[in-house]
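Below: the structure, in structure tokens.
Here the structure is a predicted model, which means the values were calculated and not measured. Every chain is numbered from 1, with letters handed out A, B, ... down the list of sequences.
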Protein chains: 2
Amino acid sequence: MTATVTVDIVAFALQGDQLQVLLVQRKFEPFAGRWALPGGFVLQDEGLDEAAHRELLEETGVQGYLEQLYSFGRPGRDPRGQVVTIAYLALLDHVPTPTADTDAADSRWFPVKSRPELGFDHQEIIDYAVERLRNKFEYTAASFSLLPARFMLSDLQRAYEAVLERPLDKRNFRKKMLSLDILVATGALQQRGISRPGELYEFSAEKFATLRSKGLAF
Amino acid sequence: MTATVTVDIVAFALQGDQLQVLLVQRKFEPFAGRWALPGGFVLQDEGLDEAAHRELLEETGVQGYLEQLYSFGRPGRDPRGQVVTIAYLALLDHVPTPTADTDAADSRWFPVKSRPELGFDHQEIIDYAVERLRNKFEYTAASFSLLPARFMLSDLQRAYEAVLERPLDKRNFRKKMLSLDILVATGALQQRGISRPGELYEFSAEKFATLRSKGLAF
DNA sequence: ACAAAAGTGTTCGATATACACCCATGT
DNA sequence: ACATGGGTGTATATCGAACACTTTTGT
């Protein structure tokens, strides 16, 4: 009748054209040596979101966008007994170097598409997180948390393409993004390799709040 | 480090033009005498969905559509200590008479719009459930679980209007529903009061599965 | 001159919205 | 005949999809 409650974090970040997920290699049983999601026990007098923030901070040293995903409690999912985990989705605007963790042998970012076999039911949790992220990208303006403060429109498009795993038409994409009226041109240019420099944009927090109130942004 | 885990059920059903929610009056402390969501502890070796189904069955005597909503674990949300609750959304196709429950003084259906003050953080949970239900109605074909097997198009429209709390245009509504291609006309007619009888429709399970695979139905 | 990525408009089909009258039945 | 709710079509606006060439820069 009393179960243990953990939080597990599915942290995503973009590296080049690939969506990456943060995994830790377990030092102890169960699943010692196996890769798994970062996470841990919810402490006494700690809220769920609070625990998730703490775990994310412990593993990466950074804060990021966090949202609760789903709770998993199938009997037998943890060999130690009845453990219910509250899974969280985290979005980071860069790929931080993972922090050394006392009960992890190692921790690394893996491309979502080529991740190792995981312990517990963590494959299922990541699949669920990827699906949620795709939905957020399809229906809302969720991309911002995965990008730095200033970015080119082509970066934004690459973010969408990495998440949706499908090419997008450049002209339609730009038209749509600009029509949402949440981007502001900074006037600054950035050059990437040997080609024409592109304009840097920022997200407008105010415009964004308007969208959010209409349910079109996270 | 070990918390207690409960499930709470937000069970909705339609009565006339009103969306109703099932509440129980608590017999014991905390919040004795107050209305609250039906729910209870997750048992040893019981999955979360399983616990939710059991609780729903215990309170209503019926099964229904169930989906996990969100987990709530704010410290202090339950005076007895660290209690994390996994909230579930239940949709029933009629308003069953609540089952007598040993630790409830009473249980009743209330219109969502005029419900009593609730114990714990259950107001918040219901608000969340209503929002989720609206989203499901806006973006998917979720209405079916709230209706009997056969219904008139006007019943379907009433269901949407009750949930969305906004009038819909009859012609556009019918056109859209029929174009989704998940309704089959039975040929049978039904009369409601003194007026022209209307045709009864059913949902097509096969067509429905197609929609579902495209993410357009639950 | 060429390679590489940035930038730019128009057409077409599909979908959502607005809107008003006739029909079948019971009293 | 009238009250009640069932049933029907068209015109317009909006949104997403398809599609190709020019510009700026570095080598």
Side-chain angles (χ1 to χ4, degrees), chain A residues 14 16-17 134-135 137-141 143 147-148 150-202 211 214-217, chain B residues 14 16-17 134-135 137-141 143 147-148 150-162 164 166-202 211 214-217:
Chain A
L14 289 171
D17 291 0
R134 290 221 176 101
N135 285 336
F137 268 64
E138 295 274 8
Y139 300 124
T140 74
S143 46
L147 289 174
R150 295 178 152 211
F151 49 87
M152 290 192 293
L153 286 180
S154 57
D155 296 325
L156 189 57
Q157 184 173 345
R158 251 191 303 281
Y160 273 84
E161 290 176 333
V163 169
L164 300 179
E165 289 184 17
R166 125 170 95 85
L168 299 173
D169 179 84
K170 186 165 41 157
R171 282 169 293 185
N172 291 338
F173 180 81
R174 288 168 169 253
K175 204 187 323 158
K176 175 147 181 223
M177 282 299 148
L178 293 173
S179 77
L180 286 176
D181 203 32
I182 48 175
L183 296 178
V184 278
T186 61
L189 297 181
Q190 185 181 61
Q191 197 172 356
R192 172 105 75 239
I194 44 161
S195 84
R196 173 174 174 178
E199 178 144 30
L200 288 173
Y201 286 80
E202 290 175 343
L211 260 198
K214 294 184 202 147
L216 294 172
Chain B
L14 290 170
D17 292 358
R134 291 221 175 102
N135 285 335
F137 268 65
E138 294 274 9
Y139 301 123
T140 75
S143 45
L147 289 174
R150 297 179 151 210
F151 48 87
M152 290 192 292
L153 286 179
S154 56
D155 296 326
L156 190 57
Q157 183 173 346
R158 250 191 303 279
Y160 272 84
E161 291 177 332
L164 300 179
R166 127 170 93 85
L168 300 172
D169 180 85
K170 185 166 40 158
R171 281 169 294 184
N172 292 338
F173 180 81
R174 289 167 170 253
K175 205 186 322 160
K176 174 147 183 222
M177 282 299 147
L178 293 173
S179 76
L180 286 177
D181 203 33
I182 48 174
L183 295 179
V184 278
T186 61
L189 297 181
Q190 186 182 61
Q191 198 172 353
R192 174 104 76 236
I194 45 161
S195 84
R196 174 174 172 178
E199 179 144 30
L200 288 172
Y201 285 80
E202 289 176 343
L211 261 197
K214 294 184 202 145
L216 295 172

Could you state the NZ-P distance from K170(A) to dT22(D), rounded to the nearest angstrom?
-> 14 Å
So, is S154(A) close to the dA5(C) phosphate, meaning a side-chain N or O under 4.0 Å from OP1 or OP2?
-> no
Under a 4.0 Å N-O cut-off, is there an ion pair linking E138(B) with R166(B)?
-> yes
Between dA17(D) atom P and Y160(A) atom OH, what is the distance in whole Å?
-> 13 Å
For D155(B) and dG7(D), what is the distance between atoms CG and P respectively, to the nearest whole Å?
-> 10 Å
Closest nucleotide among dA17(D), dC19(C), dG16(D) to the N172(B) side chain = dC19(C)
Spacing of E161(A) atom CD relative to dA5(C) atom P, expressed in whole Å = 13 Å
Under 4.0 angstrom between R174(B) side-chain N/O and dG7(D) OP1 or OP2 = yes
So, for L183(A) and M177(A), which heavy atoms are closest and what is the spacing to 0.1 Å?
-> CD1-CB, 4.0 Å
Would you mind classifying the nucleic acid contact of G198(A) as base, sugar-phosphate or nothing, using non-hydrogen atoms under 4.0 angstrom?
-> sugar-phosphate
Criterion ring-ring contact (aromatic ring centres under 6.0 Å, His included) on F151(B) and Y201(B), from CA distance to verdict = CA-CA 5 Å; F151(B) 48 87; Y201(B) 285 80; 7.2 Å; no
Length of the CG-P vector between D169(A) and dG16(D), whole Å = 13 Å
Take the protein atom CD of Q190(B) and the nucleotide atom P of dG7(D), then report the distance between them rounded to whole Å.
-> 11 Å
Grab the two heavy atoms, one from T186(A) and one from L200(A), that are nearest each other, plus how far apart they are.
-> OG1-O, 2.7 Å
Can you find a donor-acceptor pair, distance only, under 3.5 Å between K175(A) side chain and dT10(C) base?
-> yes
Plane angle bin for Y139(A) and Y139(B) - parallel if under 30°, tilted between 30 and 60°, otherwise perpendicular | parallel
Atom CD1 of I194(A) and atom P of dT27(D): how far apart are they, to the nearest Å?
-> 7 Å
Separation of dG7(D) atom P from L153(B) atom CG, nearest Å, is 6 Å
Starting from the 5' end of DNA chain C, give me the residue, Q191(B) or L189(A), whose nearest nucleotide shows up first.
-> L189(A)
